[in-house]
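Everything below concerns the one structure shown next.
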There are 2 protein chains.
Amino acid sequence: MRPREFDNDDVLRIAFDQFWRKGVRGTSLSDIARDAGVQRGSLYNAFGSKEALLLQAYERYAGGYLVALQEALGAGSLRKRLTAFFDLTITNFRSGSPPRGCPTTRGLMELGAAEGEGLDEDARKAFANLVSRITALVEDTLSAGAERGEFDGNPTSAALHIITVTRGLAVLERAFDDEPQLRKIAAHTIDLVLGKGGR
Amino acid sequence: MRPREFDNDDVLRIAFDQFWRKGVRGTSLSDIARDAGVQRGSLYNAFGSKEALLLQAYERYAGGYLVALQEALGAGSLRKRLTAFFDLTITNFRSGSPPRGCPTTRGLMELGAAEGEGLDEDARKAFANLVSRITALVEDTLSAGAERGEFDGNPTSAALHIITVTRGLAVLERAFDDEPQLRKIAAHTIDLVLGKGGR
DNA sequence: CCATGTTTTTGACGTCGTGTCAAATATTGA
DNA sequence: TCAATATTTGACACGACGTCAAAAACATGG
């Protein structure tokens, strides 16, 4: 059979970068094809549809991001871990020039229309799934911290609160384009959750 | 001159409902024209472009929403005010069937692409502006509460925190479609900000 | 070494979206 | 009544998604 003329993973990487920068609906398959040096039809042959391509590109991103998150959450005091968590989160939002924002949050709001087309639904689930997995990581970290006496609240509630704040940060990032503001909110959140004093 | 055959405000109302349900990019001018019983060209004549129509439709919504917010924030103890604030926020997200989510947050993420087309920028600013105005209302409420001895933190930081949580709630609403969860997070946030005990 | 089969590539097509334009139309006011 | 003016209408250009059949490139087996 005829061999494929492009590397599958290269295309996923290029496609996700475009989705990240311009949004899913703002990125056309022609854009991706041009950038990847591939014919538009070849993308349909290889991936099936725009949503399917998005899905694969996003999984690729999510995998790497989860690894980085686990690392950030895995060392030092609970306060240090949460600080590293917010740092990574905000740094990720502010990566690129101009900053690209949070792809997960954008995808969720972009494809989470009340009356979506239907194929979008799979992508929406993938975005929601990453949020769930991050929440679980944060909750585990808080639970471990609680056992070590570094935290005495409810890990489940606190993790949900923290995740909510990170999603809010993603929105404020787009609204105000003010990185110091994001970092202040993050620090304030950590103080609220752990108690402002020492701990 | 020839009189206009439709009511301007009717069209704005119908248009915003569609934008809210299906998202800005997911709503075509043909959809709006059909729903309003107006020819597509007439919309261009009356409003100029899709973004301009969105802008006017959104201003119309924002005005009404701000009034409702002020009412929610204007009566009772600080705790009651904040509870009413979150109630209104979540009820707004969950209005419609299926629930339509938060139009502001969706608009911000949908049009806040790093590489937007340019005309979208005005709409993005309008969304961000509502967020700013809500933040100011919350901050005023907290300041007043502080003067009455109901709150002893920094009103500015706390207001920013609360606004961040509401934006996060808008995202989680799309992600998990779980209204009780949203209300739990809201209650938890109020406890964190005001102190869990009495106050 | 060639023929066959399989996959990829390529280009044309249909449909729908935005936005523009000129021509037709309906009022108002002189 | 008639001219001026704004609105409506339909055609057009352009770009998006997705489909399809024909062409092309390779691998394998004879």
Side-chain angles (χ1 to χ4, degrees), chain A residues 1-12 14-16 18-58 107 110-111 113 115-124, chain B residues 1-12 14-16 18-19 21-58 106-107 110-111 113 115-124:
Chain A
M1 62 184 185
R2 181 170 177 173
R4 193 161 289 182
E5 291 179 0
F6 56 88
D7 181 77
N8 221 297
D9 213 60
D10 281 349
V11 170
L12 291 180
I14 291 170
F16 190 73
Q18 301 239 1
F19 286 139
W20 198 349
R21 283 188 288 126
K22 303 184 294 187
V24 173
R25 289 230 159 85
T27 300
S28 73
L29 283 198
S30 307
D31 292 339
I32 297 169
R34 194 180 328 111
D35 233 58
V38 170
Q39 212 72 8
R40 203 168 57 90
S42 297
L43 296 180
Y44 278 99
N45 174 64
F47 300 102
S49 71
K50 185 180 180 179
E51 301 318 316
L53 172 56
L54 166 65
L55 221 64
Q56 292 188 47
Y58 184 71
E110 207 175 352
L111 303 181
E115 292 173 22
E117 272 74 57
L119 189 41
D120 293 355
E121 188 58 15
D122 290 334
R124 208 209 90 250
Chain B
M1 62 186 184
R2 180 170 178 175
R4 192 162 290 181
E5 293 180 357
F6 55 89
D7 181 78
N8 222 298
D9 213 61
D10 280 351
V11 170
L12 290 180
I14 290 170
F16 191 73
Q18 302 238 2
F19 286 140
R21 285 188 287 123
K22 304 184 295 187
V24 173
R25 289 229 159 88
T27 300
S28 73
L29 283 198
S30 308
D31 292 338
I32 296 169
R34 194 180 330 111
D35 234 58
V38 169
Q39 211 73 9
R40 202 168 56 88
S42 297
L43 296 180
Y44 278 98
N45 175 64
F47 300 101
S49 71
K50 184 179 179 179
E51 300 322 312
L53 172 57
L54 165 65
L55 221 64
Q56 292 189 45
Y58 184 71
R106 173 160 7 170
E110 208 175 351
L111 303 180
E115 292 173 24
E117 272 76 57
L119 188 39
D120 293 354
E121 188 59 13
D122 290 334
R124 208 207 91 252

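Here is the naming used below: chain letters follow the sequence lines, and residue numbers restart at 1 for every chain. Bear in mind the structure is a predicted one, so any value in this text is a computation, not a measurement.
- Mapped onto DNA chain D by nearest heavy atom, A:Leu29 and B:Leu43 fall at different nucleotides, with B:Leu43 at the one closer to the 5' end.
- Nucleotide D:dC17 holds its P atom 11 Å from the CZ atom of A:Arg34, rounded to whole Å.
- Look at A:Arg2 and you won't find any side-chain N or O under 4.0 angstrom from OP1 or OP2 of C:dT9.
- Residues B:Ile32 and B:Lys50 have side chains not in contact (no heavy-atom distance under 4.5 Å, counting atoms from C-beta outward).
- Positionally, the nearest nucleotide of DNA chain C for A:Val38 lies more toward the 5' end than for the other of A:Val38 and B:Gly48.
- For B:Arg40, counting side-chain heavy atoms from C-beta on, the closest listed nucleotide (D:dA11, C:dT8, C:dT27) is D:dA11.
- Formation of a donor-acceptor pair under 3.5 Å by the A:Gln56 side chain with backbone atoms of A:Phe47 is not found in this model.
- Taking atom CG of A:Asn8 as the reference point, atom P of C:dT7 lies 16 Å away to the nearest angstrom.
- Of the possible polar contacts, none joining the A:Glu51 side chain to the A:Asp122 backbone as a donor-acceptor pair under 3.5 Å is found.
- Note: CG (B:Leu53) to C1' (C:dG19) measures 14 Å, nearest angstrom.
- Contact annotation: A:Ser30 side-chain N/O to D:dA16 OP1/OP2 distance is under 4.0 Å.
- Annotation: the span from B:Ser42 atom OG to B:Leu29 atom CG amounts to 11.5 Å, rounded to 0.5 Å.
- Spacing between atom CZ of A:Arg4 and atom P of C:dT10 amounts to 13 Å, rounded to whole angstrom units.
- The shortest distance between the side-chain N/O atoms of B:Gln39 and the OP1/OP2 oxygens of D:dT7 is not below 4.0 Å.
- Here C:dT18 presents its C1' atom at 17 Å from CZ of B:Phe47, a figure rounded to the nearest Å.
- If you check D:dA6, C:dG19, D:dA16 against the side chain of A:Ser28, the one that comes closest is D:dA16.
- Residue A:Phe6 is in sugar-phosphate contact alone, with no base atom involved, counting any heavy-atom pair closer than 4.0 Å across all strands shown.
- Atom CE of A:Met1 is separated from atom P of C:dT4 by 21 Å (rounded to the nearest Å).
- Across the protein-nucleic acid pair, B:Asn45 atom CG and D:dT5 atom P stand 16 Å apart, rounded to whole Å.
- Across the protein-nucleic acid pair, A:Asp7 atom CG and C:dT8 atom P stand 14 Å apart, rounded to whole Å.
- Just one of A:Gln18, A:Lys22, A:Arg21 meets the side chain to side chain donor-acceptor pair (under 3.5 Å) condition when paired with A:Asp31; it is A:Lys22.
- Between A:Ser49 and D:dG18 there is no side-chain N or O to OP1 or OP2 distance below 4.0 Å.
- Along DNA chain C, the nucleotide closest to B:Glu5 and the one closest to B:Lys50 are compared, and the more 5′ of them pairs with B:Lys50.
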